[in-house]
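Sequence positions, counted from 1, serve as the residue numbers for this chain.
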Amino acid sequence: MEMFGEFFVEFMKPFFKTLVEIIEYVIMGILKMFNVVNYISIIKEYSKWFRGLSWILVIFTVLCLLAIIALIIWGIYFLIRRRIKYKKNLHKQESLLDEVEKLNNDVIRLKKENEKYLELSGEVEYDEEGNIINKTPEGESRFFRLTRIDKEMENYTPRKMDDNITLEQFCTNFRNYAANELKLYYSIDLIRYFVAAFASNRLIILQGISGTGKTSLAYAIGQFLDNPSTIVSVQPSYRDRSELFGYFNEFTKRFNETELLEKMYEASYKPDIYVSILDEMNIARVEYYFAEMLSILEMPRADEWIINLVLTEWPNDPKKIVRGRFRIPNNMWYVGTINNDDSTFMITDKVYDRAMPINIDNKVDPFDAPKTEKVHISSAYFESLFEKAYKEHPLSVDVLNKIKEMDDYLIKNFRISFGNRIARQMQEYVPAFVACGGQEITAIDYMIANKILRKLEQLNLSYIRDELDGLISFLDKEFGKDVMVECKSYLQRLKKMA
């Protein structure tokens, strides 16, 4: 054991001795760096050769040194402050989630206590399977708003539609209408990106810095279609789908209908295009309150877009709610706006893959636009324009092969893949963008940058930094130089973040 002890000391001695030396060198280096006496002695040593202008340069040199020291101190202070701020925001978000979870548990507990109370008081009965048999005053409907829409639709006559506009005319007229009537100014490419997104996705995400007109764009298209968009102001407390559709209140025996559900029900009667805005959708976790909709809208057949609103069927329920179930209308699109800052949640891959993100980072200077009238087109005609574009401007085999090669390259070098879903979306989006008046390569560039390369943010950027240059070279080789501008610009931003 004595020999082992001697071995252990001798074996560990080089490591700790070197560690102590490093610490001593660091401390001595810092002391030498801030040794004012040494700097003064150097000035005194050379002062006998200084004259007029030389002293000015000496003073300038001293100020430069002080500026460098101040910059280092400020950088350390900034990093510490940023770290503290991040910790505070993280703690604040965790506290908010804990509070919301506690409130949800309280709601569940109160609901169970209410059911027990109703059972004891004889105001509730159960069927053979143990489900509650709801009671309501005779002749009244628990869906007040939806039943009112049924009555309004009894004498409804669809308005005349102008189903003769092309997608290119639609984009031009929409841009002019927004500028002339609403004083909202957008580039024609942004309008094309936005309109083409209706062809490939039911959920469109407008993202960018605050004040660039994200909500205004979604609002403007509702005005242009003469069917105002429904605005849902998402709240931090949103935890499940009841925030969107409403819920049945056991106390009042009424279904608390939301404005969004009301608009959905109205859309199921009419042929018009409907747009619903989820304003600041990532102020709460999107997967919590919109998860069911994401799954439903992925189903290929619109007759499968069904949600369960209530468990039982009542005789006086609205006409389009059958056995407590309602079919989501296929003439409604959902536009979410997001701000990426410390007060919001990150949008996950599950959401991004099922949506079309549109970046709005720049403001457009006001321009003169001719007076433009609103359009009245049906949802069926709108979708027929996309189907026509799909047939007339399909992606070429050459482009599809290049996209396949890019998928293989990303798998080999970055271990990421975009799968069949994004490939299908690209085949629908790009032809629509071309029909809107844009170039095929511009749409491909935009789709790859925002739907595929975005996945690189999940990786360790400092680790893949050198690989990004190889990806830029690959894009130049496959698609040509000075072509994939959006992709290369995005990759350059990632390199700066690394």
For this session: Taking the six-membered ring for Trp and the full ring for Phe, Tyr or His, determine whether the centres of Phe255 and Tyr247 are under 6.0 Å apart.
Result: no

For this session: For this output row, return yes or no: ring centroids of Phe367 and Tyr185 closer than 6.0 angstrom.
Result: yes

Seminar exercise, completed: Tightest non-hydrogen contact, residues Gly213 and Ile360, listed as O-CD1, 4.4 Å

Exercise. Do you know the tightest heavy-atom contact between Val310 and Phe143?
Worked result: CG1-CZ, 4.1 Å

For this session: For the pair Glu262 and Arg148, find out whether any cationic side-chain nitrogen is under 4.0 Å from an anionic carboxylate oxygen.
Result: yes

For this session: Fit a plane to each ring of Phe170 and Phe174, take the angle between them on a 0 to 90° scale, and name the class: parallel (under 30°), tilted (30 to 60°) or perpendicular (over 60°).
Result: tilted

Seminar exercise, completed: With sequence neighbours left out, the residues meeting side chain to side chain contact (heavy atoms under 4.5 Å, CB included) with Lys374 are Tyr177, Gln223, Asp226

Exercise. Taking the inter-plane angle between the rings of Tyr446 and Tyr193 on a 0 to 90° scale, is it parallel (under 30°), tilted (30 to 60°) or perpendicular (over 60°)?
Worked result: parallel

Exercise. Within 45° of the six-membered ring axis of Trp333 and under 6.0 Å from that ring's centre, is NZ or CZ of Arg202 located there?
Worked result: yes

For this session: Ignoring hydrogens and angles, tell me if any N or O in the side chain of Thr212 forms a donor-acceptor pair with the backbone of Ile209 under 3.5 Å.
Result: yes

For this session: Give a yes or no on whether the ring-centroid distance for Phe382 and Phe386 is below 6.0 angstrom.
Result: yes

Problem set entry | Sub-4.5 Å side-chain heavy-atom contact between Val485 and Val483 | no

For this session: Would you name the heavy atoms of Glu257 and Arg145 that are closest together and state the gap between them?
Result: OE2-N, 3.0 Å

Exercise. Are any non-hydrogen side-chain atoms of Thr258 and Leu244 less than 4.5 angstrom apart?
Worked result: no

For this session: Run the salt-bridge test on Lys488 and Asp445 with the 4.0 Å N-O cut-off and return the result as yes or no.
Result: no

Problem set entry | Closest contact, heavy atoms only, Ser379 versus Asn330 | OG-O, 4.1 Å

For this session: Is it possible for you to check whether Arg254 lies under 6.0 Å from the centre of the six-membered ring of Phe248, through NZ or CZ, and within 45° of that ring's axis?
Result: no

Exercise. Quick one: is the NZ or CZ of Lys451 closer than 6.0 Å to the six-membered ring centre of Tyr352, and within 45° of its axis?
Worked result: no

Exercise. When you measure from the side chain of Asn460 to the backbone N and O of Ser462, does any donor-acceptor pair fall under 3.5 Å?
Worked result: yes

Problem set entry | Stepwise side chain to side chain contact (heavy atoms under 4.5 Å, CB included) test for Ile377 and Asp272 | CA-CA 7 Å; Ile377 64 174; Asp272 304 72; over 6 Å; no

